[in-house]
Amino acid sequence: MKHLVEAGATLGQLQAALPLDPLENRILLCHALGLARVALITQSERALTGDEAARLEALLRRRLAGEPIAYIVGRREFFGLPFQVGPGVLIPRPDTELLVELALARLPPGGHMLDMGTGSGAIAVACAHSRKDARVTALDLSEDALAIARANAAANGAAVRFLRSDWYAAVAGERFALVASNPPYIAAGDPHLAEGDLRFEPVGALTDGADGLSALRRIVADAPDHLESGGWLLLEHGYDQAAAVRDLLAARGLQEVQSWRDLAGIERVSGARLP
């Protein structure tokens with residue numbers, strides 16, 4: 001098998017010769033060698049040792065096999081904060097920053113927010129980091145996900161209460177000023193599940209194993225029992241689900257039903273408030 005990286009190659013040569021796109025080449029170079037991005041410029045004549053070449057080659061082959069960059073390096077930036085990620089949680093995506101922005105704009109001073117299906121903790125931690133006055137509770141059924149979420153909260157100085165829960169079960173009797181969720185919403189059998197990064201992410205966090213709306217239905221159905229008067233429910237969903245989610249919200253008696261578009265112009269988040 002031909003080597004992708006040879007000992008003695010310089011950082012400058014490698015940035016031009018590695019088989020990934022330039023950004024991914026730089027990320028893996030920095031990760032393999034423990035360098036800051038600026039070192040790729042200031043140390044462009046540095047030559048790799050045999051061990052460094054082998055380490056970089058192993059990372060490149062993982063990426064060429066399709067493994068997400070975020071899992072290879074173990075982190076991803078979200079809402080300007082660093083997040084630890086791994087195969088037990090979804091990789092935070094820029095689209096979900098819209099949900100955070102909408103939540104922050106609607107969370108009243110000192111309000112209590114609930115993040116359902118928190119995964120890496122991205123939504124809860126971003127909100128708690130931005131709003132020190134707020135109380136934030138985050139739920140997930142996976143203990144592995146909760147361990148990663150707790151580590152991310154600690155690393156970013158965010159005060160979040162994490163609970164293991166099957167949706168609202170662990171917060172029975174509690175009400176919140178705002179409930180937010182990015183639940184599994186891809187329909188079973190969707191071809192996207194067999195493509196790109198999704199092949200490596202936890203399937204239970206991607207699909208409900210049904211029509212893609214079952215988790216959203218459950219969250220909406222029980223929301224009035226967990227929202228304060230005037231409280232908001234905000235839900236991320238699939239590119240073609242906005243109308244269906246708006247119908248669910250309206251049928252449950254929530255008001256000011258609406259959807260918001262992400263940077264690609266797709267209706268990505270829908271929400272409403274309790275009268």
Side-chain angles (χ1 to χ4, degrees), residues 89-103 106-107 113-124 127 137-142 145 149 163-172 174-193 198 201-228 231-262 264 266-275:
V89 297
L90 287 185
I91 299 165
R93 288 168 168 79
D95 292 346
T96 303
E97 293 187 356
L98 172 62
L99 182 58
V100 174
E101 291 167 357
L102 292 167
R106 286 158 180 77
L107 187 60
M113 170 185 167
L114 178 65
D115 172 27
M116 304 186 69
T118 195
S120 67
I123 295 168
C127 288
T137 294
L139 311 178
D140 206 287
L141 189 58
S142 167
L163 300 173
R164 184 173 185 271
S165 183
D166 183 8
W167 299 121
Y168 295 100
V171 291
E174 294 188 44
R175 289 185 178 267
F176 301 87
L178 185 142
V179 174
S181 184
N182 177 18
Y185 56 70
I186 301 176
D190 188 306
H192 292 96
L193 293 169
L198 299 189
E201 295 183 82
V203 68
L206 292 166
T207 176
D208 59 1
D211 65 353
L213 291 168
S214 61
L216 289 158
R217 287 190 194 97
R218 184 164 180 186
I219 294 168
V220 172
D222 293 341
D225 295 330
H226 295 278
L227 285 170
E228 298 171 358
W232 279 91
L233 172 63
L234 299 172
L235 299 167
E236 181 172 330
H237 50 68
Y239 71 96
D240 58 351
Q241 294 174 326
V245 175
R246 288 195 299 269
D247 287 345
L248 291 173
L249 294 166
R252 195 62 182 91
L254 300 177
Q255 297 182 351
E256 297 183 45
V257 176
Q258 56 197 290
S259 298
W260 295 269
R261 297 181 185 273
D262 62 19
I266 296 168
E267 290 183 316
R268 180 61 61 188
V269 176
S270 294
R273 66 191 307 173
L274 191 70

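Counting from 1, the numbers follow the sequence of the chain as shown.
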Are R106 and E256 ion-paired here, with the side-chain N under 4.0 Å from a carboxylate O? no
What are the two closest heavy atoms between R252 and A221, and how far apart are they? NE-O, 2.6 Å
Within the structure provided, determine whether H192 and T207 are in side-chain contact (heavy-atom separation under 4.5 Å). no
Given the rule in the side-chain contact (heavy atoms from CB on, under 4.5 Å) test, do V245 and Y185 qualify, once you have shown the distances and angles that lead to the verdict? CA-CA 11 Å; V245 175; Y185 56 70; over 6 Å; no
Looking at every non-hydrogen atom in both residues, tell me the closest pair between P183 and L216 and how far apart they are. CG-CD2, 3.6 Å
Under the 3.5 angstrom rule, does the side chain of R164 hit a backbone N or O of D140 as a donor-acceptor pair? no
So how far is it from Q258 CD to L249 CG, rounded to the nearest 0.5 Å? 10.0 Å
R273 side chain to Q255 main-chain N or O, any donor-acceptor pair under 3.5 Å? no
Could you please spell out the steps behind the side-chain contact (heavy atoms from CB on, under 4.5 Å) verdict for L114 and L178? CA-CA 6 Å; L114 178 65; L178 185 142; over 6 Å; no
Atom pair CG (N182) and CG (L99), whose distance is rounded to the nearest 0.5 Å: 7.0 Å
Closest approach of P184 and A215, non-hydrogen atoms and distance? O-CB, 3.9 Å
Report the C-alpha distance between E236 and R93 in whole Å, list the side-chain angles of each, state the deciding distance to 0.1 Å, and finish with yes or no for salt bridge (charged side-chain N to carboxylate O under 4.0 Å, His left out). CA-CA 12 Å; E236 181 172 330; R93 288 168 168 79; over 6 Å; no
Could you check if a side-chain atom of S120 sits within less than 4.5 angstrom of a side-chain atom of L90, using non-hydrogen atoms only? no
Ignoring hydrogens and geometry, is there a side-chain-to-backbone donor-acceptor pair from Q241 to L213 under 3.5 Å? no
Might you point out which heavy atoms bring V100 and I123 nearest each other, and give the distance in Å? CG2-CA, 4.1 Å
Is there a side-chain contact (heavy atoms from CB on, under 4.5 Å) between M116 and L233 once you walk through the steps? CA-CA 11 Å; M116 304 186 69; L233 172 63; over 6 Å; no
Rounded at 0.5 Å granularity, tell me how far CZ in R218 sits from OH in Y168. 10.0 Å
For residues D95 and I266, determine if any side-chain heavy atom of one lies less than 4.5 Å from a side-chain heavy atom of the other. no
For the NE2 atom of H237 and the CZ atom of R268, what is their distance to the nearest 0.5 Å? 8.0 Å
When rounded to the nearest 0.5 angstrom, what is the spacing between NE2 in H226 and CZ in R175? 8.0 Å
Under 3.5 Å: donor-acceptor pair, side chain of D115, backbone of G121: no
Are any of the side-chain heavy atoms of L141 and W167 separated by less than 4.5 Å? no
Would you compute the distance between atom OG1 of T96 and atom CD of E101 and round it to the nearest 0.5 angstrom? 11.0 Å
Do you know the tightest heavy-atom contact between A187 and L193? O-CD1, 3.8 Å
Can you name the closest pair of heavy atoms from L98 and W260 and give their distance? CD2-O, 3.8 Å
Is there a side-chain contact between S270 and V257 in this structure, where contact means two heavy atoms from C-beta onward sitting under 4.5 Å apart? no
pair L206-D190: side-chain heavy atoms closer than 4.5 Å: no
Under the side-chain contact (heavy atoms from CB on, under 4.5 Å) criterion, do W232 and L102 qualify, and how do the steps go? CA-CA 10 Å; W232 279 91; L102 292 167; over 6 Å; no
